[in-house]
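Working notes for the structure below.
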Amino acid sequence: MLNAEVRRDQILQALEMQDKVRVNRLAQRFGVSTVTIRGDLKMLAAAGLVRRQHGGACTTRRAPPELPLDEKRGQHRERKHHIAARAMQLVQPGDKLILDAGSTTLQLARHLARASVQPDAPLPLSVFTNSLPIAHELGAVQGIELILSGGTLRKASQSLQGPQAEAGLGGYVFDKVFLGADGCDPEFGLSTHDEADARLNARMAAQARQVIVLADGSKFGRICLHRICGLGRIDTVVSDSSLAPTMRTALTLRGVQVLIAEEE
């Protein structure tokens, strides 16, 4: 029998695929009583993750559909620029980094490339990435050793994924991983639309001493189908002033350091 935390995670995942879940069907699926399922739904509702309905529940935090990378780049461009600039302050000479594929991490790569010609550049660095655009930005930068994962190309994100990409992380220990996210929720944790991306991101987090999430305020309170990790694995969130104060408090109470770009 699944424990309560896993069962509730799977209830939330079911709600990402359908408009409503029914108590009776969940009880049959998990092999527990309807009383137990009602208790699960009550706790999820108290956390604001679902809305109770007669005989079941529906989600309140479904993330919007995934956009292609070109469209993502155009969304909240200024926010992402400020977040990346703030994240730059976390990079130290000699760091061994992972840059996940994403529009905000791409901005961080551009900041690293521009800063490399400055006398106070945080060099040398080693950077592992599964992102073709990030590899393009950093490939010619002196002082940055670039490690590109293998894997299968996912065209929507121009990123490499799959078992080969995951295996490529083996044997390394990184100082910091910078992750983007499609959703970040205090209860559900970090999540994304794609299952293979979620597996690779989870492996990235496991291989790094510090896990740093780069996400503007619109990503918080959202839940996507595939969970990457819980908040207990996240050390720092770098966001912007659009992050709701209640969400900032919720993250801080769970031990996550929150850095706001405009509060440098």
Side-chain angles (χ1 to χ4, degrees), residues 1-67 100 102 154 156-157 161-163 166 179-206 211 213 215 217-234 237 239 243-244 246-256:
M1 182 182 299
L2 299 175
N3 65 42
E5 182 179 355
V6 173
R7 190 172 60 245
R8 290 165 194 157
D9 283 349
Q10 293 194 9
I11 290 172
L12 291 171
Q13 290 177 15
L15 280 167
E16 289 300 313
M17 302 179 69
Q18 57 198 63
D19 292 332
K20 183 178 180 179
V21 292
R22 309 288 299 184
V23 170
N24 290 338
R25 290 181 181 176
L26 290 174
Q28 292 173 1
R29 173 181 172 181
F30 296 121
V32 297
S33 69
T34 56
V35 173
T36 297
I37 295 298
R38 289 192 182 96
D40 289 335
L41 296 179
K42 182 178 180 181
M43 291 194 67
L44 292 172
L49 299 174
V50 305
R51 184 170 66 252
R52 295 295 305 275
Q53 293 182 336
H54 180 69
C58 62
T59 185
T60 61
R61 300 189 177 189
R62 182 171 295 168
E66 182 180 20
L67 296 173
D100 171 37
R154 183 169 185 249
S157 58
Q161 58 177 215
E166 295 166 34
L179 292 176
D182 295 309
C184 186
D185 181 83
E187 298 295 331
F188 191 69
L190 204 63
S191 60
T192 189
H193 291 285
D194 186 78
E195 182 178 6
D197 277 348
R199 287 198 304 267
L200 180 58
N201 288 168
R203 181 67 187 273
M204 288 175 170
V211 178
V213 175
S218 70
K219 303 294 180 65
F220 292 86
R222 291 180 178 177
I223 296 174
C224 301
L225 178 59
H226 300 287
R227 189 184 195 203
I228 297 169
C229 63
L231 287 194
R233 187 66 193 90
I234 298 171
V237 160
S239 189
L243 180 66
T246 53
M247 186 62 65
R248 183 174 181 176
T249 299
L251 294 169
T252 302
L253 289 174
R254 285 164 174 78
V256 178

Steps toward side-chain contact (heavy atoms from CB on, under 4.5 Å) verdict (Leu231, Phe188): CA-CA 8 Å; Leu231 287 194; Phe188 191 69; over 6 Å; no
Could you measure the distance from the [atom1] atom of [X] to the [atom2] atom of [Y]? Nearest 0.5 Å is fine.
X	Y	atom1	atom2	result
Ser191	Asp197	OG	CG	12.0 Å
Leu251	Cys184	CG	SG	5.5 Å
Thr192	Ile228	OG1	CD1	5.0 Å
Gln28	Ile37	CD	CD1	10.5 Å
Arg25	Lys20	CZ	NZ	10.5 Å
Leu26	Arg7	CG	CZ	10.0 Å

Could you report the tightest heavy-atom contact between [X] and [Y], atom names first, then the distance?
X	Y	value
Gly183	Cys224	N-SG, 3.9 Å
Asp100	Gly180	OD2-N, 3.3 Å
Ala198	Arg227	CB-O, 3.8 Å
Gln53	Cys58	NE2-SG, 3.4 Å
Ser239	Gly217	OG-N, 3.5 Å
Gly221	Met247	N-CE, 3.6 Å

Among Arg222, Arg8, Arg254, salt bridge (Lys or Arg N to Asp or Glu O under 4.0 Å) partner for Glu187: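 Of the listed options, the one satisfying the test is Arg254.
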Lys219/Asp182 salt bridge by N-O under 4.0 Å criterion: no
CA sep, side-chain torsions, deciding dist, call: Thr249, Thr252, side-chain hydrogen bond (donor to acceptor under 3.5 Å, both in side chains): CA-CA 5 Å; Thr249 299; Thr252 302; over 6 Å; no
Student check: side-chain heavy atoms of Phe30 and Ile11 closer than 4.5 Å: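 In short, these two side chains touch, coming nearer than 4.5 Å.
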Minimum side-chain heavy-atom gap Leu41-Arg52 below 4.5 Å: yes
Given His226, Arg199, Gln161, the one that forms side-chain hydrogen bond (donor to acceptor under 3.5 Å, both in side chains) with Asp194: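 Only one of His226, Arg199, Gln161 forms a side-chain hydrogen bond (donor to acceptor under 3.5 Å, both in side chains) with Asp194, namely Gln161.
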Check: Glu166 main-chain N/O paired with Arg203 side-chain donor or acceptor under 3.5 Å: yes
Arg233 side chain vs Ala205 backbone, donor-acceptor pair below 3.5 Å: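 Yes, because the side chain of Arg233 sits within donor-acceptor range (under 3.5 Å) of the backbone of Ala205.
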Steps toward side-chain contact (heavy atoms from CB on, under 4.5 Å) verdict (Leu243, Phe220): CA-CA 7 Å; Leu243 180 66; Phe220 292 86; 3.4 Å; yes
